[in-house]
Amino acid sequence: MRLDKFICESTELSRAQAKRAIGKGEVTLEGVVVKDPSTKVDDSSEVTYGGRPLRVRGPRYIMLNKPLDTVCTSIEDDYRSVLGLLEIEKAETLHVAGRLDIDTTGLVLITDDGAWSHRITSPKKQCGKRYRVMLAEAVSDDVVERFAEGILLKGERHPTQPARLEIVSSKEVLLTLSEGKYHQVKRMFGALENRVTGLHREQIGNICLDDNLESGEWRYLTEQEINLVD
Ligand code: URA
């Protein structure tokens, strides 16, 4: 890769700032000052910036406990983006693997590894997402079967994929979906003439939201958690 890209991927500098730093002689390659940003380097090259040895940052994998009134896009209008909660370098290069609505809380996975996030969001992979759902009305006796059979949503031609529903109490359930249609949980309960009053994602595939994370807090995934997405 080019030297300016290497600097950009291993420091807080933008590409333009990296080029300027190289031009000013602040970067060395194998102990020698190099002033050409297009110089070729690889991951094992010994590069320093301002005397500091650099390593290319690997892909990043993060779990965050999404608070209410935040959005999962990078665009901030009236509401804060979850990416803004990270306060880490180059957060704008990250994306959310499976968005939640503004009024949904809980587990959000964030990464810059597109192939990894594709395995979470691709319909073909059928990666399960588990939600704790609070409801306005008590669930009906046949609700487990209705979700297992699939529900025809307004404006759709085919019913939803079979979903697993566990009843916690008359107005609280755990729902596991293997697909991610727009506002799916709310629309499914809407089709049964019920209304979602609280929605919290607890699990994606085999990755569970860490109980130690308060609302708005985040941490990097462990190697083991990263490998749970296959
Ligand atoms: N289903 C919804 O209705 N909203 C979400 O945020 C996630 C799933």
Side-chain angles (χ1 to χ4, degrees), residues 62-86 94-111 116-140 143-144 146-168 171-210 213-218 229:
I62 289 168
M63 75 159 72
L64 177 132
N65 186 358
K66 179 187 176 295
L68 277 176
D69 295 337
T70 52
V71 291
C72 287
T73 55
S74 52
I75 303 151
E76 295 196 325
D77 284 333
D78 295 337
Y79 295 98
R80 191 150 195 217
S81 162
V82 290
L83 298 176
L85 298 173
L86 300 176
L94 299 163
H95 62 270
V96 170
R99 293 177 184 175
L100 291 177
D101 295 337
I102 194 161
D103 54 355
T104 303
T105 57
L107 179 60
V108 164
L109 296 175
I110 299 171
T111 185
W116 187 81
S117 64
H118 181 72
R119 298 205 290 277
I120 292 173
T121 54
S122 165
K124 281 194 198 134
K125 292 285 178 183
Q126 302 238 319
C127 173
K129 282 112 191 159
R130 195 177 79 212
Y131 298 87
R132 186 171 293 270
V133 192
M134 311 302 292
L135 295 158
E137 310 295 336
V139 289
S140 57
V143 69
V144 174
R146 299 284 299 272
F147 275 80
E149 281 164 7
I151 292 171
L152 189 61
L153 302 178
K154 213 169 165 189
E156 302 276 344
R157 289 174 53 211
H158 304 288
T160 54
Q161 298 279 322
R164 190 153 63 91
L165 189 118
E166 298 157 67
I167 297 179
V168 179
K171 293 186 182 176
E172 181 178 344
V173 299
L174 290 172
L175 175 63
T176 305
L177 299 181
S178 58
E179 56 185 344
K181 293 184 195 294
Y182 182 66
H183 294 330
Q184 184 162 346
V185 178
K186 291 170 190 158
R187 289 166 71 207
M188 287 174 99
F189 281 99
L192 302 184
E193 283 165 14
N194 207 331
R195 186 168 56 83
V196 172
T197 57
L199 187 56
H200 182 77
R201 188 158 64 191
E202 298 188 340
Q203 192 172 338
I204 296 177
N206 290 315
I207 302 178
C208 295
L209 179 61
D210 187 331
L213 293 179
E214 299 287 339
S215 173
E217 290 186 340
W218 63 275
V229 175

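Whatever order the structure lists them in is the order used to number ligands and atoms, beginning at 1. Along the sequence shown, residues carry numbers from 1. Keep in mind that what you see is a predicted model, and the values were worked out from it rather than measured.
Residues satisfying the ring pair (Phe, Tyr, Trp, His ring centres under 6.0 Å) criterion with F189, sequence neighbours excluded, are F147. With sequence neighbours excluded, the residues forming a salt bridge (Lys or Arg N to Asp or Glu O under 4.0 Å) with R132 are E172, E202, listed by chain and number.
Only side-chain heavy atoms of T104 come within less than 4.0 Å of ligand 1; its backbone N, CA, C and O stay farther off. Only the side chain of L199 comes within 4.0 Å of ligand 1, judged by heavy-atom distances.
At under 3.5 Å, a nitrogen or oxygen of K186, whether backbone or side chain, sits near a nitrogen or oxygen of ligand 1.
For the pair K186 and D103, the salt-bridge criterion is met [side-chain N within less than 4.0 Å of a carboxylate O]. Note on E156 versus K154: no salt bridge recorded, every NZ/NE/NH1/NH2 to OD/OE distance being 4.0 Å or above.
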Discussion item. Before you tell me yes or no, could you show the steps for I102 and T70 under side chain to side chain contact (heavy atoms under 4.5 Å, CB included), namely the whole-Å CA-CA distance, both residues' side-chain angles and the distance that decides it to 0.1 Å?
Written reply: CA-CA 5 Å; I102 194 161; T70 52; over 6 Å; no

Discussion item. Apply side chain to side chain contact (heavy atoms under 4.5 Å, CB included) to residues V229 and I207 and explain how you reach the verdict.
Written reply: CA-CA 8 Å; V229 175; I207 302 178; 3.8 Å; yes

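Those atoms of ligand 1 with a heavy atom of Q184 less than 4.0 angstrom away are 1 (N), 2 (C), 3 (O). In the vicinity of Y131, heavy-atom distances shorter than 4.0 Å reach the ligand 1 atoms 7 (C), 8 (C).
When only non-hydrogen protein atoms are considered, atom 1 (N) of ligand 1 lies nearest to V185 N, 3.1 Å. When hydrogens are left out, the protein atom nearest atom 4 (N) of ligand 1 is D101 OD2, 2.7 Å; that is the closest non-hydrogen contact.
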